[in-house]
Amino acid sequence: MIGSVVSPLRVAVVGSGPAGFYAAGHLLNATGSSVRVDLFDRLPTPWGLVRAGVAPDHPKIKSVSRVYEKIAHSAGFSFHGNVEVGTDVTHDQLVRAYHAVVYTVGTSAGNSLNIPGAELPGCHLATDFVAWYNGHPDHCSRHFDLSHERAVVIGNGNVALDVARMLALSPGELRTTDTADYALKALERSAVKEIVVLGRRGPLQAAYTVPELRELGELAAADITVDPQDIVLDETSQAFLESGTATLGDKKKLEVLSAFAARESADKARRIALRFLRSPDKIIGSERVEAVRVVRNELTSDLTARATHETETIDAGLVLCSIGYRGARILGVPFDERRGTIHNDRGRVTLEGTRQPIAGVYTAGWIKRGPSGVIGTNKKCAHETVDLLLDDLAAGRLPDPVESRDDLLSWIGRRSAIVSHAGWETIDRHERRLGEAQGRPRVKLVRRERLLECAASEQGDLGVEAPSDEGPGCRA
Ligand code: NAP
């Protein structure tokens with residue numbers, strides 16, 4: 001017995017991104033051999049945003065996957081890919097077969113802009129573009145028109161900088177990455193010469209971090225421009241900067257932007273233009289995006305953006321809207337529609353509109369607290385949740401399962417081709433081998449059926465994934 005629960009403790013973790021692995025790792029560390037952790041993912045592959053979100057030219061950030069692989073080799077851990085909770089198995093079924101269920105499903109949907117013309121072809125969520133260039137199976141058939149010379153990115157977070165940078169990288173810089181093959185070809189043929197990034201507030205309020213900002217000044221094939229007028233601070237921002245509240249990061253951000261503003265053009269093939277205090281109020285075009293009408297903002301005394309009457313029109317063929325993510329509801333799991341997260345109290349899932357915990361149901365990561373922080377932030381967040389789970393275990397608050405875990409897994413296996421960790425390792429080896437031949441970390445398999453076929457094969461020796469022009473969506 002562990003606490004009041006029949007041994008071994010059985011926990012289902014749903015979502016195999018950073019938060020899911022950190023939750024699994026902490027459970028395994030804290031309880032040792034007396035826990036059985038089943039990690040489910042709707043994709044045949046693990047790692048969540050580390051595989052499908054982190055920019056391909058940031059391999060160091062992706063190297064955190066080594067930590068996850070170590071966890072995956074722990075006794076008591078199993079991976080079950082290609083299993084979607086809500087489709088292949090229900091929340092209720094999990095609750096009946098496990099002492100605890102921990103949801104770490106992330107926030108999969110991008111926020112959309114509610115302005116006229118946002119529905120026009122050529123206007124996309126940045127999150128879809130990110131998933132496309134990262135070879136996410138659900139996004140590999142999308143089409144992004146890169147035939148126009150200008151793209152506009154709306155938003156001032158790190159994702160906005162990621163997509164701007166990906167549009168600005170030279171073929172040489174891209175070719176050493178694990179960008180999906182079709183996207184690599186499309187980006188290499190891209191006609192985009194200028195990427196305009198619009199922040200609705202001022203430079204001090206930009207959400208991106210200093211290293212990511214600084215990186216824009218080091219691109220081989222793209223200049224960076226900042227209009228000196230755009231970074232003149234309003235009174236409230238200036239007072240904030242001079243107060244004790246401003247962080248070193250705030251000061252550095254302004255320093256970097258000032259250095260960009262003072263730079264001479266190096267006549268590179270492309271350029272990224274950072275603009276501030278600008279919001280789009282209309283996407284213009286008859287059949288597709290042709291331009292963005294932008295209104296100049298001023299900051300109010302509480303540092304929110306207020307539109308002025310001054311407008312300008314920026315010609316563009318591609319608009320990427322990068323204004324944050326939100327989560328999606330899972331049937332049977334209380335959801336906070338306003339925040340776009342699972343309804344919870346520090347990680348204990350609570351009944352909607354109350355702080356009353358639902359015994360044995362937990363959450364961690366972006367779906368618990370919203371899309372914020374770096375990958376490591378999810379470690380602390382997952383540990384907080386698992387510590388509460390362990391408190392509940394010790395206090396005898398976890399319900400005993402009423403159904404067999406093995407029966408449930410067999411039932412799921414009859415409906416869906418489950419990818420085990422060994423199956424994922426076959427995919428991993430295969431992708432890395434293809435990558436090695438090209439001096440890249442891996443060549444990703446992008447189609448679900450191809451991933452399943454590879455996972456099921458002994459050697460994973462499937463030859464090269466069908467080349468780029470495979471889908472109508474994969475052309476530049
Ligand atoms: P984010 O950091 O929350 O930034 C969202 C941006 O959208 C903000 O600039 C926000 O401006 C703007 N915005 C929101 N609503 C808007 C609207 N209606 N019109 C115009 N702009 C609007 O979100 P994110 O970029 O999606 O990043 C999510 C998390 O992932 C962040 O914690 C980020 O640091 C992290 N991330 C890290 C890396 C990295 O470390 N390299 C890479 C990618 C992502 P306001 O401030 O005015 O609301």
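Reckoned from all heavy atoms, side chains included, excluding hydrogens, waters and symmetry mates. Keep in mind that this is a model prediction, so the values were computed, not measured. Note that ligands are numbered from 1 as they come in the structure, with each ligand's atoms numbered from 1 the same way.
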Between Glu212 and Arg165, is there a side-chain N and carboxylate O pair less than 4.0 Å apart? no

Using non-hydrogen atoms of the residue, decide whether Pro371 is closer than 4.0 angstrom to ligand 1. yes

Do Ser372 and ligand 1 have an N or O pair less than 3.5 Å apart? no

Check each atom of ligand 1 against the heavy atoms of Asp162 and keep those under 4.0 Å away; list them by number with element. 42 (C), 43 (C)

How are the rings of Phe77 and His421 set to each other: parallel, tilted or perpendicular (split at 30° and 60°)? perpendicular

Judged by heavy atoms only, the candidate from Glu212, Arg278, Glu215, Arg200 nearest atom 20 (C) of ligand 1 is Arg200

Tell me yes or no: between the side chains of Arg355 and Asn344, is some donor less than 3.5 Å from an acceptor? no

So, Asp223 versus Ser265: side-chain donor-acceptor pair below 3.5 Å or not? yes

Specify side chain, backbone, both or neither for Ile375, according to which of its non-hydrogen atoms lie closer than 4.0 Å to ligand 1. neither

Please indicate whether any nitrogen or oxygen in Gly373 is less than 3.5 Å from any nitrogen or oxygen in ligand 1. yes

May I ask you to check whether His343 and Glu337 show a side-chain donor-acceptor distance below 3.5 Å? no

Give a yes/no verdict on whether any heavy atom in Tyr208 is under 4.0 Å from an atom of ligand 1. no

Please tell me whether Lys368 and Thr385 have a donor and an acceptor in their side chains that are separated by less than 3.5 angstrom. yes

No-hydrogen, no-angle side-chain donor-acceptor test under 3.5 Å, Asp38 and His80: yes

Would Glu290 and Lys282 pass as an ion pair if we require N to O under 4.0 Å? no

Atoms in ligand 1 with a heavy atom of Tyr325 nearer than 4.0 Å: 26 (O)

Nearest protein heavy atom with distance in Å, relative to atom 27 (O) of ligand 1: Val159 CG2, 3.7 Å

For His58 and Glu215, does a side-chain donor sit closer than 3.5 Å to a side-chain acceptor? yes

The protein heavy atom nearest to atom 2 (O) of ligand 1 is Ala207 CB, 3.6 Å

Among all protein heavy atoms in this structure, tell me which lies nearest to atom 29 (C) of ligand 1, with the distance rounded to 0.1 Å. Trp366 CZ2, 3.6 Å

re atom 46 (O) of ligand 1, the protein heavy-atom contact at minimum distance is Arg201 NH2, 2.9 Å

Is any heavy atom of the protein nearer than 4.0 Å to atom 7 (O) of ligand 1? yes

Test item, Gly324 contacting ligand 1 (heavy atom, 4.0 angstrom): yes

N or O pair under 3.5 Å between Asn158 and ligand 1: yes

Given His124 and Phe144, is the ring-ring contact (aromatic ring centres under 6.0 Å, His included) satisfied, shown in steps? CA-CA 8 Å; His124 305 268; Phe144 294 90; 4.4 Å; yes

Classify the ring geometry of Trp132 against Tyr182: parallel below 30°, tilted from 30° to 60°, perpendicular beyond 60°. tilted

Does the N or O separation between His58 and ligand 1 drop below 3.5 Å for any pair? no

Ranked by distance from atom 21 (N) of ligand 1, the top protein heavy atom is Ile323 CG2, 3.5 Å

Please state which protein non-hydrogen atom is closest to atom 4 (O) of ligand 1 and give its distance, to 0.1 Å? Gly157 CA, 3.5 Å

Does the protein come close to atom 10 (C) of ligand 1 - that is, does one of its heavy atoms sit below 4.0 Å from that atom? no

Does any donor atom in the side chain of Ser279 or Asn297 lie under 3.5 Å from an acceptor atom in the other side chain? yes

